[in-house]
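All values below come from the heavy atoms of this structure, side chains included, with hydrogens, waters and symmetry mates left out. For reference, positions follow the sequence shown, starting with 1.
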Amino acid sequence: MTLKDFLKVNNISSREFSEKINVSEISISRYINNSRFPNKRILKRIFDFTSGLVTSDDFIKKRKNDDSLSKSEKIDMEVLANSIMFGDRRALARGITMVESSLEKDQHKTDYLLSKLKPSKKSIRIGITGVPGVGKSTFIESLGLKLIRENLKVAVLAIDPSSKISGGSILGDKTRMDKLSNNNSAFVRPSPSGGQLGGVAKKTRESIYCFESAKYDIIFIETMGVGQAETAVHNMVDIFLVLLLPAGGDDLQGIKKGIIELADLIVVNKSDSMFTNAASSTQSEYQNALSIIKNNRLDYNPKVFKCSSLMSSGIEEIWNEIKEFCQVRKKSGNFFLNRENQNIEWLWDLTKQKMLDYFENDIKNLPVSKILERKIGQNKINIAEASNLLLTSFIKKI
């Protein structure tokens, strides 16, 4: 960490810091501007005061993120950020494409772009999950079109399984939301999971950040629908909906599925024609199951609804309940507390991801890493010992 960053994070002025380590304020300014290098004695004071976060390396090496972007690239990102905040759809699409990119250069651009965006705090994030074939896309389109009629802007982030060949989305949920996709008040974005577990993509949070900066009122995150492990989206949204098929299982099955315990609303979809009675029965069974499951929220009891997305029946009641849910949570303060906790979780998830990327892109390609791999193959070194050597090299570099 540079000295400038340390002072900024800890809200310490140059003058205060100079007094703490008994150095002139002018000298501190010169250290920050890289016009002077601190001597060994002062380096020791800086190291001790910052608990080892600022070392001699931080005065020698320029920050990689800053070095990686030219002045013109930064200006380009600033223009892109302004265009996104003005609601430019092409700019939004370009921004999310860059956010999802695995290229190192694009990752640095993404960091700079996100620092320039200013997301709206008035949005509602709605997570939608359910088994394949339950009608998630049809449900979102039906509800989304209703919201547009109420003069709301709707964004949809549809997480699809990734193609092993192209890396892109396999299913392409956008094709199943043709009416919503072609509406100027909606933005539907299929997003490949990239092999990420939990039913979401690696950069789902960053994409939500872009949508909120573009002033979208309602943001749907539609998961892949891969099974019980699909719970990561719960930690990214304000309200979590689980869609079920009529006659999808008895109340004990509802208890068994861990994902049901996280649901704020359970929606029995396809409640029409020959499935009407089955839907009513499933609704009753799951309502009974919820009565013996500990509530996920302190201020709200989960409810079970039924609807027909094709016929748009029951959609009005579900939307009214979503609004009621948000009002209750905002009144109690838990709506905003939940977002604060999600941001903290984003901090650590992103930090872990950057560490993994660093190992994959830098540490793994070091000559010493190749030597250790050969020695492991030849049984000349213990795997735990080799791992510790690599970890030590990583710690030195940060």
Side-chain angles (χ1 to χ4, degrees), residues 87 89 92 120-131 133-159 171-191 207-208 211-212 214-223 225 233-234 236-246 263-273 275-276 279-280 282-283 286 300 302-330 335:
R89 295 170 64 86
L92 179 58
S120 168
K121 297 181 180 180
K122 297 180 180 180
S123 66
I124 299 177
R125 306 169 188 168
I126 304 175
I128 307 286
T129 192
V131 297
V134 74
K136 295 187 294 293
S137 298
T138 308
F139 175 81
I140 291 172
E141 181 170 63
S142 181
L143 178 53
L145 291 173
K146 171 188 168 41
L147 298 177
I148 289 172
R149 290 193 294 270
E150 295 185 11
N151 296 318
L152 296 172
K153 288 180 66 178
V154 175
V156 181
L157 191 63
I159 314 300
L171 300 177
D173 283 286
K174 192 171 183 177
T175 60
R176 298 198 295 276
M177 301 183 208
D178 55 327
K179 292 180 182 178
L180 200 59
S181 300
N182 292 314
N183 195 300
N184 290 330
S185 294
F187 192 102
V188 181
R189 174 77 183 199
S191 184
S207 297
I208 294 172
F211 282 136
E212 291 181 335
K215 308 298 186 295
Y216 280 86
D217 303 296
I218 310 296
I219 301 169
F220 291 100
I221 297 89
E222 178 195 350
T223 71
V233 69
H234 179 266
M236 302 179 186
V237 297
D238 302 314
I239 182 168
F240 188 44
L241 275 64
V242 176
L243 268 61
L244 302 174
L245 290 167
D264 297 307
L265 295 183
I266 295 176
V267 178
V268 184
N269 196 19
K270 301 188 178 182
S271 175
D272 47 47
S273 61
F275 297 110
T276 302
S280 297
T282 302
Q283 179 186 23
Y286 273 86
Y300 181 82
K303 296 180 176 62
V304 185
F305 290 83
K306 60 179 181 178
C307 76
S308 169
S309 299
L310 281 177
M311 306 298 294
S312 294
S313 63
I315 298 297
E316 177 79 28
E317 290 78 6
I318 293 170
W319 172 237
N320 287 338
E321 189 61 33
I322 291 173
K323 290 191 291 185
E324 175 68 18
F325 172 90
C326 293
Q327 288 171 2
V328 168
R329 299 274 291 166
K330 286 180 179 179
F335 183 95

### Task
Find out whether F220 and I124 are in side-chain contact, i.e. whether some heavy atom of one side chain is under 4.5 Å from a heavy atom of the other.
no
### Query
Side-chain contact, heavy-atom cut-off 4.5 Å: L152 with Y216?
no
### Task
Could you tell me whether E212 and R125 have a side-chain N and a carboxylate O separated by less than 4.0 Å?
yes
### Query
Atom OG of S120 and atom NZ of K215: how far apart are they, to the nearest 0.5 Å?
6.5 Å
#### Entry: Contact summary for Q283 and V304, nearest pair of heavy atoms
NE2-O, 3.0 Å
### Message
Test your reading of the model: is there a side-chain donor-acceptor pair from S313 to the backbone of S309, 3.5 Å cut-off?
### Response
no
## Note on the structure
In L265, V268, I266, the residue satisfying side-chain contact (heavy atoms from CB on, under 4.5 Å) with F305 is L265
### Query
For S123 and F211, what are the C-alpha separation, side-chain angles and deciding distance, and is it a side-chain contact (heavy atoms from CB on, under 4.5 Å)?
CA-CA 9 Å; S123 66; F211 282 136; over 6 Å; no
### Query
If every non-hydrogen atom of G135 is compared with every non-hydrogen atom of L243, which pair is closest and at what distance?
O-CD2, 4.0 Å
### Message
Using 0.5 Å steps for rounding, measure from the CG atom of D217 to the CD atom of E150.
### Response
11.0 Å
### Query
Does the side-chain contact (heavy atoms from CB on, under 4.5 Å) test come out yes or no for M177 and E222, once each step is laid out?
CA-CA 12 Å; M177 301 183 208; E222 178 195 350; 3.2 Å; yes
### Query
Closest heavy-atom contact between L180 and G144?
CD1-C, 3.9 Å
### Task
Please report the closest heavy-atom contact between F275 and P246, naming both atoms and the distance.
CB-CG, 3.9 Å
### Query
In chain order, what residues pass the salt bridge (charged side-chain N to carboxylate O under 4.0 Å, His left out) check against K330, with sequence neighbours excluded?
none
### Query
Taking only residues two or more places apart in sequence or in another chain, which ones pass salt bridge (charged side-chain N to carboxylate O under 4.0 Å, His left out) with D272?
none
### Query
Above 12 or not: heavy atoms from other molecules or residues under 6.0 Å from NZ of K323?
yes
### Task
For the residue pair V237 and I239, establish whether any side-chain heavy-atom pair is separated by less than 4.5 Å.
no
### Message
Measuring only between side-chain heavy atoms, which start at C-beta, is D238 closer than 4.5 Å to R329?
### Response
no
### Summary
CG (L241) and CG (D264) are apart, to the nearest 0.5 Å, by 7.5 Å
### Task
Check side-chain contact (heavy atoms from CB on, under 4.5 Å) between S271 and all other residues, then give those that pass, not counting sequence neighbours.
A279, K306
### Query
Would you call K179 and E141 a salt bridge, using N to O less than 4.0 angstrom?
no
### Query
Okay, side chain of R189, backbone of I159: is any donor-acceptor separation there less than 3.5 Å?
no
### Message
Does any part of the side chain of I128, heavy atoms only, come nearer than 4.5 Å to the side chain of F240, both counted from C-beta?
### Response
no
### Approximate separation, where rounding is to 0.5 Å, of E321 CD and C326 SG
10.0 Å
### Task
Over all heavy atoms of both residues, which pair between L245 and K270 is shortest? Give the atoms and the distance, please.
CD2-CD, 3.8 Å
### Query
Is it the case that more than 12 heavy atoms not belonging to Y300 sit under 6.0 Å from its OH atom?
yes
### N269 side-chain N/O to V134 backbone N/O, donor-acceptor pair under 3.5 Å
yes
### Message
Is there a side-chain contact between I219 and L157 in this structure, where contact means two heavy atoms from C-beta onward sitting under 4.5 Å apart?
### Response
no
### Message
Can you tell me how far apart CG (L310) and OG (S142) are? Round to the nearest 0.5 Å.
### Response
8.5 Å
### Message
Quick check for you: to the nearest 0.5 Å, what is the distance between F187 atom CZ and L92 atom CG?
### Response
4.0 Å
### Message
If you apply the rule side-chain contact (heavy atoms from CB on, under 4.5 Å), what do you find for I126 with I322, and how did you get there?
### Response
CA-CA 9 Å; I126 304 175; I322 291 173; 4.1 Å; yes
